[in-house]
Amino acid sequence: MRISDDRYSRDRLRFDLALRLIQHEARTSTIRVWTGLSDDRIRKLYRSYLAEDGSSELPRHRGKSPQQAAFFTRTPAIRQETAVLASVCYLLGVMPAGKVADAQRSLPGVQRGAALCEAFESYRELVPAPRISFEHAVFLIIALARSDELHAALCQDCNALIVVDRCSLPARRCGACEQSMQGRLLL
Ligand SMILES: [Zn+2]
């Protein structure tokens, strides 16, 4: 493969990922970090995407990225959704092996970005009314890789993956096992 072809296909992958991220309403800063494209090229992509799509405006998120680990463990329902998303991320190879202290810097990349899109799309197909945004998904995988605020564990009864918040009481069971145990206690 000639160098120019190689560069062309790498650029192609970056653009493909950027378009996918735009569709998932990722912030410009997120798209820049994961694709390596400049803000100017991302803006041009936005414009061509909107022109092609025929829609007047896509919701743009310019503010701060979500920074709340507690979001993922707030209610049993969101814990369940988080477990689904995290499981798919592990299955599709989005997550690195082992703990990564500088995950914020080392995780982003075109290949992992494409796998993350794949995982996020699967999550949205699996969950009836998904509430985790793409930006939250990015936060989740980085937090899980750092393994400081949030970490992945296995349900002690059924071995399903669960996401545990280090600041709250340690959860040992997945939502389904927790419910069936409470049911047994009530009998
Ligand atoms: Zn379980």
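In each ligand, atom 1 is the first atom listed, and ligand 1 is the first ligand listed. Note that the structure is a prediction, hence the values are computed from the model and not measured. For the single chain, residues carry numbers from 1 onward in sequence order.
For Arg12, the salt bridge (Lys or Arg N to Asp or Glu O under 4.0 Å) test picks out Asp16, with sequence neighbours left out. Residues that satisfy the side chain to side chain donor-acceptor pair (under 3.5 Å) test with Asp11, not counting sequence neighbours, are absent from this structure. A search for salt bridge (Lys or Arg N to Asp or Glu O under 4.0 Å) contacts involving Arg20 returns Glu118, Glu121, not counting sequence neighbours.
Side-chain contact between Val100 and Arg146 is absent, with no heavy atoms from C-beta onward closer than 4.5 Å.
Distances under 2.8 Å from the Zn ion (ligand 1) pick out the protein N/O/S atoms Cys155 SG, Cys158 SG, Cys174 SG, Cys177 SG.
In this structure, Arg166 does not pair ionically with Asp148, as no charged nitrogen and carboxylate oxygen lie closer than 4.0 Å.
In this pair, Phe134 and His24 present their aromatic rings parallel. The plane angle is below 30°, not in the 30 to 60° band.
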